[in-house]
Amino acid sequence: MKVYFSFPGDKPDPGDWIGYFPVGTDSYMEWYWVKDLGGGCSATFTARGAGNYEFRYLLKGGYDQVTARAGFRIVQ
């Protein structure tokens, strides 16, 4: 799965990251530091089993400053 996003401001903070989470949990399935994505605004994630998930853009290496969420559902 490929997700496209934008970061706040003109460049990401070195600690900003994007993750793939089951809805309602803080346990990520997969994640990337935004700074390691080559300056682009996309990341590719591996689809997991059926369920409700979301992508989250988190600030400064933390879990509590979510600046954006995008939910989706995988059905099998």
Side-chain angles (χ1 to χ4, degrees):
M1 301 177 297
K2 190 165 194 172
V3 62
Y4 296 90
F5 59 92
S6 59
F7 40 79
D10 43 330
K11 64 180 185 174
D13 182 88
D16 288 0
W17 60 290
I18 187 165
Y20 168 26
F21 295 79
V23 170
T25 74
D26 285 330
S27 299
Y28 55 80
M29 308 285 286
E30 192 173 356
W31 68 278
Y32 297 98
W33 291 116
V34 174
K35 66 182 170 81
D36 293 341
L37 296 173
C41 290
S42 68
T44 302
F45 293 89
T46 303
R48 309 298 170 147
N52 295 312
Y53 300 96
E54 63 187 6
F55 295 110
R56 298 179 196 164
Y57 189 109
L58 296 105
L59 301 175
K60 301 180 181 178
Y63 281 86
D64 58 342
Q65 294 183 37
V66 178
T67 189
R69 294 175 192 258
F72 62 98
R73 182 177 195 164
I74 296 177
V75 295
Q76 292 184 3

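Small disclaimer: the values here were computed from a predicted structure and weren't measured. We number each residue from 1, following the sequence as shown.
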Residues 61-76 vs salt bridge (Lys or Arg N to Asp or Glu O under 4.0 Å), sequence neighbours excluded, gives E54-R69
Can you list every pair that meets salt bridge (Lys or Arg N to Asp or Glu O under 4.0 Å) and has a residue in residues 18-30, with sequence neighbours left out? D26-R56, E30-R48
Name all pairs fulfilling the side chain to side chain donor-acceptor pair (under 3.5 Å) condition that reach into residues 37-47, sequence neighbours left out, sorted by first residue then second. none
Cluster companions of F45 among Ile, Leu, Val, Met, Phe, Trp, Tyr (side-chain spacing under 4.5 Å): M1, V3, F5, F7, I18, Y20, M29, Y32, V34, L37, Y53, F55, Y57, L59, F72, I74
Members besides W17 in its Ile/Leu/Val/Met/Phe/Trp/Tyr cluster (side-chain heavy atoms under 4.5 Å): F21, Y28, W31, W33, L58, Y63, V66
Write down the atom of C41, the atom of S6, and the distance for their closest heavy-atom approach. SG-CA, 4.3 Å
State which residues pass side chain to side chain contact (heavy atoms under 4.5 Å, CB included) with T25; sequence neighbours excluded, sorted by chain then number. P22, S27
